[in-house]
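Everything on this sheet refers to the single structure shown next.
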Amino acid sequence: MNAILTLCHFCEAHGPRSLFCTFTTDNDEHITEPSKASVQCTGCASLGPETVLKSTDDDGTIYCSRESVPSADVTSFLRQAAIRSITCEVNWSKDGGIVYFSEAQGHVLSFTFQLCDTRARGLKRWFSILVLMKDKMLLLNITPMLSEHMKNIAAELQKLAVAVFDEEQKICSQRALRLRTGRNDFGQSRSLVQLTGNKEIFKLLHSHFSWILKAGARVFSENLYTSQDLLKKISPIIPILESNSSVIESKAKYIPMRVLESMLSNNVFRVMLFCTLTGVNIQMQTNFRDPEEILISFRSLLPEFDSSAKHKKPNTDPCIISEIEHGPTLMKKIEIAIKNEHFNEAVLRQHVLSLVLQWQGIAQAVKSTMKSSDNKTDSVKLKQTLGVAQYDETLLKYWMDAFCK
């Protein structure tokens, strides 16, 4: 995974700073080049400017840990990210990390926590773990996994720090001493080695950070589909466009959308489109065309439709609909596409199928959220984010029941 993991802390003398960085590289200079440390402070030091931790994966990937990254621009951005993560981008609920974006420099996932320290102001020190990445969508997709492991690393550090803190408090209670003497000279911040009592703490962090970089690349992978592959995945029997703009013939014949609209009156077309998308049973009688052929042409707009298979009947009872005032968003987009004179029939078909795929994804996301979360507000917020309006609820409910796992 092409990212940088950083441990940051708040220094009483120098403010928020980056302590320790882990990243992947194929450049040997990143292993031998010394770190550029701008300050000499016990609390801000980790490995030292001359020390680099290195591990190599089976596929040749090099995981490198240093006090700072070789790039001056990235170092500057990490300093800004450290300031934000410890001062303002703090998740008080402790349920996960916070993501914030910078298109110019990179996107950041931040997880902030505290470690006990008898010599710190308030007997606690602020720390944070940052993930810096250029790929926004990848970062958003693996945020739950990253947050979980960042939380586990923080809990492990807190456990070690509490043990050291308790031992030091047994020798001399700092809280009682400060109340009695009014002492407020805390001196330099102590190093993470002193706080945790573990001399190999940075080797442990290198192991954790390297594993996260490796796991992030394997947990989430992206597949590139061509238009033909994607359309076969949606509906294998529907004609598709080749690169030479010719259309492959399909065994199943559908009446084109514009032909359907001209064959039926505008009001009847809108009613049938609405009923098809929202799962209302349709009963049709006509003398000039086979009604089943018209119904199959409308049903071909639904996800995973197969004319040779028995179509799953909607759960709603038949009703009489004379006019549609406010149809679902998908219906409105289909009507706009039909009126677009720049779309021929083949292009129109592919565009409508892409809209269907989009709303199938929305239905699947909402259903998964409703299953995994007991809090109803989560699904409500997700619907607002995805642009689901009140008049989309009927379509959404039908699609979640009929086409989502």
Side-chain angles (χ1 to χ4, degrees), residues 1-11 16-25 30-31 34-37 39 41-57 61-70 74-75 78-79 81-82 85-86 94 96-97 108-117 120 124-133 142-143 145-165 189-217 219:
M1 183 173 71
N2 189 15
I4 300 175
L5 268 78
T6 305
L7 178 69
C8 305
H9 83 123
F10 183 84
C11 175
R17 300 192 69 84
S18 172
L19 275 178
F20 179 82
C21 304
T22 301
F23 53 93
T24 58
T25 182
H30 294 165
I31 303 173
S35 298
K36 300 175 182 178
V39 294
C41 169
T42 305
C44 296
S46 56
L47 296 174
E50 301 295 333
T51 305
V52 177
L53 299 179
K54 169 196 170 185
S55 58
T56 306
D57 203 357
T61 304
I62 300 175
Y63 300 95
C64 177
S65 292
R66 308 156 47 96
E67 268 197 0
S68 63
V69 294
V74 177
T75 300
L78 285 177
R79 175 68 191 276
S85 68
I86 293 178
K94 308 300 180 186
V108 178
L109 169 64
S110 167
F111 189 93
T112 307
F113 60 98
Q114 291 179 318
L115 295 183
C116 293
D117 181 5
K124 288 186 178 181
R125 286 260 305 281
W126 281 103
F127 285 81
S128 66
I129 301 174
L130 306 182
V131 179
L132 171 64
M133 190 181 299
I142 63 175
T143 287
M145 184 275 290
L146 293 177
S147 295
E148 179 183 355
H149 291 291
M150 292 160 73
K151 187 175 183 179
N152 292 338
I153 294 173
E156 185 175 356
L157 294 177
Q158 288 171 334
K159 184 178 179 180
L160 294 172
V162 166
V164 174
F165 179 83
S189 298
R190 295 196 292 176
S191 68
L192 189 62
V193 173
Q194 293 173 308
L195 293 183
T196 59
N198 186 347
K199 295 181 179 179
E200 309 296 332
I201 189 63
F202 291 108
K203 292 183 180 180
L204 181 64
L205 287 175
H206 171 75
S207 176
H208 283 314
F209 286 0
S210 299
W211 185 91
I212 289 177
L213 289 172
K214 182 177 180 179
V219 168

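Between Ala82 and Cys8, the closest heavy-atom pair is CB-SG, 3.6 Å. Residues Ser68 and Arg66 come closest through the heavy atom pair O-NE, 2.9 Å. When all heavy atoms are compared, the tightest approach of Glu67 to Cys21 is O-SG, 4.0 Å. Closest heavy-atom contact between Val52 and Cys64: CG1-SG, 3.4 Å.
Residues Ser46 and Leu192 fail the side-chain proximity criterion, which asks for heavy atoms closer than 4.5 Å. Residues Leu146 and Phe111 form no side-chain contact, since every pair of their non-hydrogen atoms from C-beta on lies 4.5 Å or further apart. Arg125 is not listed as a side-chain neighbour of Gln114, based on a closest heavy-atom distance of 4.5 Å or more. Proximity of His9 to Leu115: side-chain heavy atoms (C-beta onward) are nowhere separated by under 4.5 Å.
For the atom pair Lys54 NZ and Ser65 OG, the distance stands at 12.5 Å (nearest 0.5 Å). Rounding to the nearest 0.5 angstrom, the gap separating the CD1 atom in Ile212 from the CD1 atom in Ile142 is 9.5 Å. Atom CD1 of Ile153 is separated from atom CG of Leu7 by 9.0 Å, given to the nearest 0.5 angstrom. One finds the OG atom of Ser128 at 4.0 Å from the CD1 atom of Ile86 (value rounded to the nearest 0.5 Å). For the atom pair Glu200 CD and His206 NE2, the distance stands at 12.5 Å (nearest 0.5 Å). Leu160 contributes atom CG, which lies 5.5 Å from atom OG1 of Thr196 (distance to the nearest 0.5 angstrom).
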> Taking it one step at a time, do Leu157 and Leu195 satisfy side chain to side chain contact (heavy atoms under 4.5 Å, CB included)?
Replying inline: CA-CA 9 Å; Leu157 294 177; Leu195 293 183; over 6 Å; no

> Yes or no on side chain to side chain contact (heavy atoms under 4.5 Å, CB included) for Phe113 and Ile129, after CA distance, side-chain angles and deciding distance?
Replying inline: CA-CA 8 Å; Phe113 60 98; Ile129 301 174; 3.7 Å; yes

>> Pair Phe202, Val193 - check side chain to side chain contact (heavy atoms under 4.5 Å, CB included), show working.
In response: CA-CA 8 Å; Phe202 291 108; Val193 173; 3.8 Å; yes

> Should Tyr63 and Leu213 be marked as a side chain to side chain contact (heavy atoms under 4.5 Å, CB included) after you check the CA-CA gap, both sets of side-chain angles, and the distance that decides it?
Replying inline: CA-CA 8 Å; Tyr63 300 95; Leu213 289 172; 3.8 Å; yes

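Counting heavy atoms of neighbouring residues, nucleotides and ligands inside a 6.0 Å radius, atom CG of Asn152 exceeds 12 of them.
The side chain to side chain contact (heavy atoms under 4.5 Å, CB included) test with Val69 singles out one residue from Thr22, Thr6, Thr75, Thr25, and that residue is Thr75.
Listed for the Glu148 side chain is no donor-acceptor partner under 3.5 Å among the backbone atoms of Met145. Counting only distance, with no hydrogens or angles, the side chain of Thr51 and the backbone of Leu47 share a donor-acceptor pair below 3.5 Å.
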